[in-house]
Amino acid sequence: MKKYTFYDNVFDVVRLIPEGRVTTYGSIAKYLGMMKSARMVGWALNSTINKNLELPVHRVINRNGILTGKNHFSSPFKMKKLLEKEGVVIQNDQVINFNEVYWDPTQELL
DNA sequence: TGGGTGACCATAG
DNA sequence: ACTATGGCCACCC
């Protein structure tokens with residue numbers, strides 16, 4: 001029996017991100033009560049790459065709306081492509097309509 | 001077992 | 001306005 005770790009909590013939140021919306025590492029960390037450990041959120045997602053978890057990790061970006069994690073995908077273009085497919089407008093690895101598609105777990109969830 | 005590490009963020013200078 | 005830095009803590013050798 002595996003212990004339910006911080007990583008698992010991160011995965012749960014990511015799973016809840018609606019299609020066509022994005023959120024940030026910091027927001028997830030904040031929602032989990034560890035706003036100063038935003039770094040770990042990214043690292044948690046990184047660990048999913050090797051595994052076959054089907055998580056919309058492409059919907060998680062940094063607070064500036066930049067796709068900082070794109071280099072960690074199988075292809076750097078995959079993240080952008082997936083987001084655009086969901087209606088997110090991206091230019092120069094940055095989400096243009098960030099304010100519109102931003103999904104804050106601390107507000108949307110309760 | 002312990003130390004290094006990391007897809008970040010907020011603050012201080 | 002921009003750069004530097006400290007914090008945080010689960011995971012992996």
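Order of the sequence lines fixes the chain letters, A, B, ..., with proteins taken first and strands second; residue numbering starts at 1 for each chain.
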Minimum-distance nucleotide (side-chain atoms of A/Val57 versus C/dA10, B/dC8, B/dA7) = B/dA7

Would you name the heavy atoms of A/Arg15 and A/Pro56 that are closest together and state the gap between them?
-> CA-CD, 4.3 Å

From B/dA7, C/dA10, B/dC9, pick the nucleotide closest to the side chain of A/Met40?
-> C/dA10

Over how many whole Å does the gap from A/Asn46 atom CG to C/dC12 atom C1' extend?
-> 12 Å

Tell me which of A/Gly26 and A/Trp43 sits closer to the 5' end of DNA chain B, going by the nucleotide each one is nearest to.
-> A/Trp43

Round to a whole Å and report the spacing from OH of A/Tyr31 to P of B/dC9.
-> 19 Å

Calculate the interatomic distance between A/Lys30 atom NZ and B/dC9 atom P; express it in whole Å.
-> 12 Å

Round to the nearest Å and state the distance from A/Tyr25 atom OH to C/dC8 atom P.
-> 22 Å

Nearest-Å distance, CG (A/Leu45) to C1' (C/dC9)?
-> 16 Å

By nearest nucleotide on DNA chain C, pick out whichever of A/Ala38 and A/Ser47 is the more 5' one.
-> A/Ala38

Between A/Asn71 (CG) and B/dG6 (P), how many Å, whole number?
-> 14 Å

Indicate, with a heavy-atom threshold strictly under 4.0 Å, whether A/Asn62 touches base, sugar-phosphate, or nothing.
-> sugar-phosphate

Got a donor-acceptor contact below 3.5 angstrom from the A/Asn92 side chain to the A/Gln94 backbone?
-> no

A/Tyr7 has its side chain closest, among C/dC11, B/dA7, B/dG6, to C/dC11

Phosphate contact (C/dG6 OP1 or OP2) by A/Arg39 side-chain N/O below 4.0 Å = no

Between A/Met79 and A/Val60, which heavy-atom pair has the shortest distance, and what is it?
-> CE-O, 3.5 Å

Separation of B/dA7 atom C1' from A/Arg63 atom CZ, nearest Å, is 16 Å

Please say which of A/Leu67, A/Val88, A/Thr23, A/Ile90 ends up in a side chain to side chain contact (heavy atoms under 4.5 Å, CB included) with A/Ile61.
-> A/Leu67

Polar contact flag, side-chain donor to acceptor under 3.5 angstrom, A/Tyr102-A/Ser27 | yes

Between C/dC8 atom C1' and A/Leu32 atom CG, what is the distance in whole Å?
-> 14 Å

According to a strict under-4.0 Å criterion, is A/Ser37 in side-chain N/O contact with OP1 or OP2 of C/dG7?
-> no

